[in-house]
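Written out below as structure tokens is the structure these notes cover.
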Amino acid sequence: MSSFFSGQRFVLVIFLILGCQQLAISQSRIAVLNFRCGGGQPTFRDYLLGPTGANASDCKTLQEAVMSALYADARVQLIAHSEQEAVAAERDLQRDEDFMEGYVVDQWAVQGVEYFLTGYISIGEQKLNLTFLRATDHRPVIQEELSFNAGMWSNANERKALVLTGLQHMLTQLFPAEVQLVKVLKGSKSKARTILIAGGTKQGFRRHQELAVRTTIVENNQGEIRSRSVRIASIVVEEVESEHFSRCVIMSGGREIQEALDNGQEVFIEIL
């Protein structure tokens, strides 16, 4: 009997992993434009054509960290480095900025890019701005401004961690997702306290991230059946355990979660 249930759990885990991997089907394509440092707020053309400016190494380090994070994120597809290098090579051959601006944008359009990501670092103001732009009209969709310590107190690793946290916050807003509750890890018969959810690093989950728990209620009003989603609990990610799973602590609604599970209702996690 125990081997039977072990096999059932194994099948469940495989099913959940494959379900998570299906997110890749609807990936949005993103092109990361060269980050810029200092010297006044850049224009869209500056990101396309201009040099990275002062402190270029700092820009490059943060840009590479962002690109690595995007490459590992199942919600998006990053344009390959070789394509970016080809555009840079063409830029070096051409000197007309109007021609080049159109050329560069066209290259991204051919690759089906939906969003551009830009980064601007102002060392003097101790700020970094990340912006997602729609590829169709170059208008900002989401912006995140981050503050960091500069000068002798500056810490490159802290800046990198800050940028990656800001990036994940933006991706969560840009690509909201729902994942399933796998099982209750700790609790009583009437109240869940810790749960395992089918979302990990591949879906952009991070420690201390606040999430909502929802369930679907089916109502029958004189033969008319209607279903609606209701929020029943709030949880916080305690630990991201792998690419596809995270352990969460229930902040409120533990009884409601357990009741929904006991009633056989579908329970899912909503990224806020």
Side-chain angles (χ1 to χ4, degrees), residues 17 20-37 42 44 46-48 52 56-88 104-105 107-121 127-146 148 156-179 199-209 237 240 242-246 271-272:
I17 290 176
C20 291
Q21 290 175 339
Q22 293 302 311
L23 291 172
I25 295 177
S26 58
Q27 288 177 316
S28 294
R29 305 207 75 185
I30 291 177
V32 178
L33 304 182
N34 284 334
F35 281 23
R36 292 180 59 85
C37 291
F44 180 69
D46 292 330
Y47 286 115
L48 288 174
T52 55
S57 61
D58 207 21
C59 279
K60 185 176 180 181
T61 298
L62 293 178
Q63 180 178 334
E64 289 176 348
V66 165
M67 293 178 71
S68 295
L70 289 173
Y71 182 76
D73 198 300
R75 292 168 290 185
V76 301
Q77 184 176 2
L78 186 65
I79 293 298
H81 284 242
S82 60
E83 293 163 0
Q84 291 188 349
E85 290 167 1
V87 169
V104 174
V105 172
Q107 294 306 301
W108 300 140
V110 168
Q111 299 300 325
V113 170
E114 299 173 57
Y115 300 99
F116 295 118
L117 175 61
T118 64
Y120 169 63
I121 303 173
K127 293 180 180 179
L128 184 143
N129 181 281
L130 294 175
T131 304
F132 274 104
L133 307 166
R134 262 193 310 266
T136 52
D137 56 12
H138 313 158
R139 291 185 178 276
V141 179
I142 295 176
Q143 289 183 317
E144 187 90 358
E145 187 171 85
L146 311 166
F148 59 89
N157 289 331
E158 289 179 359
R159 287 203 301 275
K160 179 179 176 181
L162 184 66
V163 168
L164 294 180
T165 298
L167 175 67
Q168 289 301 334
H169 184 249
M170 296 171 75
L171 289 172
T172 297
Q173 296 178 70
L174 196 59
F175 309 112
E178 295 176 350
V179 299
T201 55
K202 280 289 187 180
Q203 289 76 41
F205 281 76
R206 61 188 186 280
R207 288 189 66 192
H208 309 309
Q209 183 176 3
V237 177
V240 180
S242 67
E243 291 185 346
H244 302 291
F245 297 99
S246 295
I271 299 178
L272 300 176

Intermediate values then yes/no, side chain to side chain contact (heavy atoms under 4.5 Å, CB included), Asp73 and Leu167: CA-CA 11 Å; Asp73 198 300; Leu167 175 67; over 6 Å; no
Whether Ser246 side chain and Gly199 backbone form a donor-acceptor pair below 3.5 Å: yes
Heavy-atom side-chain contact between Phe205 and Val179 under 4.5 Å: yes
Student check: side-chain heavy atoms of Ile30 and Glu114 closer than 4.5 Å: no
Note, Leu117 side chain near Leu133 side chain (heavy atom, < 4.5 Å): no
Close side-chain approach of Leu78 to Met67, heavy-atom, < 4.5 Å: yes
Inter-residue atom distance Arg134.CZ - Phe116.CZ, 0.5 Å rounding: 12.5 Å
Side-chain heavy-atom pair Val141, Tyr115 within 4.5 angstrom cut-off: yes
Pairwise side-chain contact, Thr118 with Leu130, heavy-atom cut-off 4.5 Å (strictly under): no
Distance in Å, Glu145 CD paired with Leu128 CG, rounded so as to fall on 0.5 Å steps: 9.0 Å
Heavy-atom pair with the smallest gap, counting every atom of Ala65 and Leu164: O-CD2, 3.5 Å
Heavy-atom closest contact (Met170 atom, Glu144 atom, distance): SD-CB, 3.4 Å
Side chain to side chain, Thr131 and Ile142, heavy atoms closer than 4.5 Å: no
Polar side-chain atom of Gln63 near backbone of Phe35 as donor-acceptor pair, under 3.5 Å: yes
Side chain Gln209, main chain Arg206, donor-acceptor under 3.5 Å: yes
Residue pair Ser68 / Tyr71, side-chain heavy-atom distance below 4.5 Å: no
